[in-house]
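The shown structure was predicted, so the numbers you read here are calculated from the model rather than taken from an experiment.
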Amino acid sequence: MVGWQFNCASTTCLPFSTLTVSDIFKCELACLAQVQCEAISFHQSTTKCELFANITNQNGNMSANIDVVTMIVLDQTRFASVTVPAVHWNPSGTTMAGNPSGTAGVGASQLNKPYVLRLDSSNALYISELNNNRIQKWIIGDLSGVTVAGQADGTSGSSSTTLNQPVGLAIDSSDNMYIADKYNNRVIYWANGASSGSMIAGTGSYGSANNQLSYPNMIERDTSSGTLYIGDVGNQRIMQYLNSSSSGTLVAGGNGYGTGSTQLCNPYGFTLDSSTNSLIIASYSAHNVVRWVIGDTSWTLLVGSTGVSGSSSILLNNPVGVAVDQYGNIYVADSGNHRIQFFLAGQSSATTIAGVTGSSGTSATQLNYPYGVALDSQFNLYVADSSNNRVQRFLRY
């Protein structure tokens, strides 16, 4: 409802939180992330978002217009005439990179096993290609990409100009890249525009010492400190490398393959949640997503049932990519179920926002073993549709 502001009849019913956000969607997400939130007011001109609680015990009313305001009531017990908008993404995706039909290839307009997705400050898409041994940069709307690391013809190798099944990718503010070069057991720093990279972590040979890596799979970079977090899958651990350090420190796992709370079980994907100083980790073979606070010795379960796969709203099947937004909501590439799951902050039951549960395919509504997931500033969803050799965008509305 536009043009009115929500107010409770009681003078004690005040907003428990006031935020500044860019649009109504982010105001709604802020409310959804707070279990006590029952209503919001969003002022378009000032971008002020007010969150209200305990309104169902009040005589709610609509006050005179003071601004262009949108009011949403999330509990309709008293205000049944107000429609509750849900958080939605268009169920039909648009192919942003690769062939919509799913055909693999090494040409500039093709992909072969895309894995990790990153967006730079200009919304250009960076794609790690597992089977083409390269990183592609794809301007949104273009019909082909440009190779920015590795060889354009897909040649693999262990030299400074080649990669061997790169997976993890981080980009700094200058668009320099940090690449988990999986089968070379190393992390490569590749400067923006350079034709070669340099090894900054690992030795090039697999091992379990603090300066070694074994099939590194994922990488995150703390933008404030330059610290790298590297998913060392072969060692079932995540290592922390301080800026310019040649040796790492164990921050998660390292106690062998397993489902115990001190262990990881093929941590193929994770993300850094700076707001809670923690890593949110997708344990592929444990079928769960866990939170490991940096400095702690064990994880806490966020979603899924440890060791149990399934296709219900509370279960996962081989999760890979994971993302978290600024409101603590979690997005999971549930690869074995061919879908993307959206978990509201603090909730263990998900909504499928892309793909069809248990149904792989190449139609606009289907996915085939999605691996990577990313969000742009407008919460549009990008998915590395790995076995379809394409990247799909699902618009938020």
Side-chain angles (χ1 to χ4, degrees), residues 115-116 128 130 165 167-170 178 180-183 185-187 201-202 206-222 227-241 247-274 276-310 315-324 330-337 341 343 348 369-373:
Y115 204 128
V116 168
S128 68
L130 194 69
Q165 298 212 351
V167 179
L169 174 65
Y178 305 77
D181 191 12
K182 185 172 184 175
Y183 273 65
N185 301 293
R186 66 185 183 180
V187 170
Y206 65 84
S208 58
N210 281 354
N211 68 335
Q212 292 178 303
L213 299 169
S214 182
Y215 305 119
N217 202 72
M218 187 59 64
I219 187 167
E220 286 282 338
R221 181 176 181 271
D222 186 329
T227 297
L228 296 177
Y229 296 89
I230 303 167
D232 189 16
V233 169
N235 288 315
Q236 305 297 330
R237 65 186 185 181
I238 296 176
M239 300 294 287
Q240 178 193 66
Y241 277 73
S247 185
T249 302
L250 177 71
V251 291
N255 293 304
Y257 174 94
T259 58
S261 63
T262 65
Q263 297 175 300
L264 296 175
C265 207
N266 289 332
Y268 285 167
F270 72 90
T271 190
L272 176 65
D273 184 9
S274 299
T276 59
N277 192 38
S278 65
L279 302 172
I280 296 177
I281 306 167
S283 270
Y284 179 87
S285 298
H287 312 293
N288 66 12
V289 175
V290 303
R291 183 187 303 278
W292 200 305
V293 175
I294 296 169
D296 283 0
T297 57
S298 62
W299 51 256
T300 57
L301 181 68
L302 291 177
V303 298
S305 179
T306 302
V308 178
S309 65
L315 295 176
L316 301 171
N317 186 4
N318 297 141
V320 180
V322 60
V324 61
I330 297 173
Y331 307 73
V332 181
D334 189 16
S335 72
N337 284 321
Q341 296 293 85
F343 293 86
S348 59
Y369 291 99
Y371 279 3
V373 60

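- For the side chain to side chain contact (heavy atoms under 4.5 Å, CB included) with Ile238, the lone residue among Ile230, Val251, Asp232, Ile219 that qualifies is Val251.
- The salt bridge (Lys or Arg N to Asp or Glu O under 4.0 Å) analysis of residues 281-295, with sequence neighbours excluded, yields the pairs Asp273-Arg291.
- Note that CE of Met218 is 9.5 Å distant from NZ of Lys182, once rounded to the nearest 0.5 Å.
- Residue pairs meeting the salt bridge (Lys or Arg N to Asp or Glu O under 4.0 Å) criterion with at least one member in residues 280-290, sequence neighbours excluded, do not occur.
- Nearest heavy atom pair, residue Arg186 against residue Asp181, reads NE-OD2, 2.7 Å.
- The minimum heavy-atom distance between Leu315 and Ser305, with the atom names listed, is CD2-CB, 3.5 Å.
- Scanning both residues, Pro370 and Ser335, for their nearest heavy atoms gives O-CB, 3.3 Å.
- For Asp296, the side chain to side chain contact (heavy atoms under 4.5 Å, CB included) test picks out Trp292, Val293, with sequence neighbours left out.
- Judged as a side chain to side chain contact (heavy atoms under 4.5 Å, CB included), and not counting sequence neighbours, Ser348 has no contacts.
- In this structure, OG on Ser309 lies 9.5 Å from CG on Asp334, to the nearest 0.5 angstrom.
- Within the structure, no pair that satisfies the salt bridge (Lys or Arg N to Asp or Glu O under 4.0 Å) test touches residues 253-266, not counting sequence neighbours.
- Taking all atoms of both residues into account, the shortest heavy-atom contact from Ala286 to Thr259 is CB-CG2, 4.1 Å.
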Thr271 vs Ile330, test: side-chain contact (heavy atoms from CB on, under 4.5 Å). Steps then yes/no. CA-CA 10 Å; Thr271 190; Ile330 297 173; over 6 Å; no
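- Distance check, rounded to the nearest 0.5 Å: OH of Tyr268 to CD1 of Ile281 gives 15.0 Å.
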Quick one, Leu130 with Val167, criterion side-chain contact (heavy atoms from CB on, under 4.5 Å). Give me CA distance, side-chain angles, the key distance, then yes/no. CA-CA 6 Å; Leu130 194 69; Val167 179; 3.4 Å; yes
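- Applying the ring pair (Phe, Tyr, Trp, His ring centres under 6.0 Å) rule to Tyr183 yields the partners Tyr215; only residues at least two apart in sequence or on another chain are considered.
- To the nearest 0.5 Å, atom CG of residue Asn255 and atom CD of residue Gln236 are 11.0 Å apart.
- With a 6.0 Å radius and a threshold of 12 heavy atoms from other residues, nucleotides or ligands, Tyr257 has its OH atom above the threshold.
- For Asp222, the salt bridge (Lys or Arg N to Asp or Glu O under 4.0 Å) test picks out no residue, with sequence neighbours left out.
- Between Ser285 and Asn266, the shortest heavy-atom distance links the atoms OG-ND2, 2.8 Å.
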Any chance you could lay out the side-chain contact (heavy atoms from CB on, under 4.5 Å) test for Val332 and Val373, step after step, and finish with the verdict? CA-CA 7 Å; Val332 181; Val373 60; over 6 Å; no
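- Taking Tyr115 as the reference, Tyr371 meet the ring pair (Phe, Tyr, Trp, His ring centres under 6.0 Å) condition, with sequence neighbours excluded.
- Closest of all the heavy-atom pairs between Val308 and His287 is O-CB, 3.5 Å.
- With contacts defined as side-chain heavy-atom distances shorter than 4.5 Å, the pair Pro216/Asn185 qualifies.
- No donor-acceptor pair under 3.5 Å is formed between the side chain of Asn217 and the backbone N or O of Gly269.
- Residues passing the ring pair (Phe, Tyr, Trp, His ring centres under 6.0 Å) test with Tyr229, sequence neighbours excluded: none.
- The side chain to side chain contact (heavy atoms under 4.5 Å, CB included) search around Leu301 returns Asn288, Val290, Trp299, Thr306, not counting sequence neighbours.
- Judged by distance alone, the side chain of Ser128 and the main-chain N or O of Gly168 form no donor-acceptor pair under 3.5 Å.
- Distance check: Ile294 CD1 to Leu279 CG gives 4.5 Å after rounding to the nearest 0.5 Å.
- Looking at residues two or more places apart in sequence or on another chain, you find a side chain to side chain contact (heavy atoms under 4.5 Å, CB included) between Ser298 and Ser261, Thr262.
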Atom pairs and distances, donor-acceptor, side-chain atoms in residues 207-214, under 3.5 Å, two or more places apart:
{"residue": "Gln212", "atom": "OE1", "partner": "Ser208", "partner atom": "N", "Å": "3.4"}
{"residue": "Gln212", "atom": "OE1", "partner": "Ala209", "partner atom": "N", "Å": "3.2"}

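- Rounding to the nearest 0.5 Å places CG of Leu264 at 10.0 Å from CZ of Phe270.
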From CA spacing to verdict: side-chain contact (heavy atoms from CB on, under 4.5 Å), Leu250, Met239: CA-CA 5 Å; Leu250 177 71; Met239 300 294 287; 4.1 Å; yes
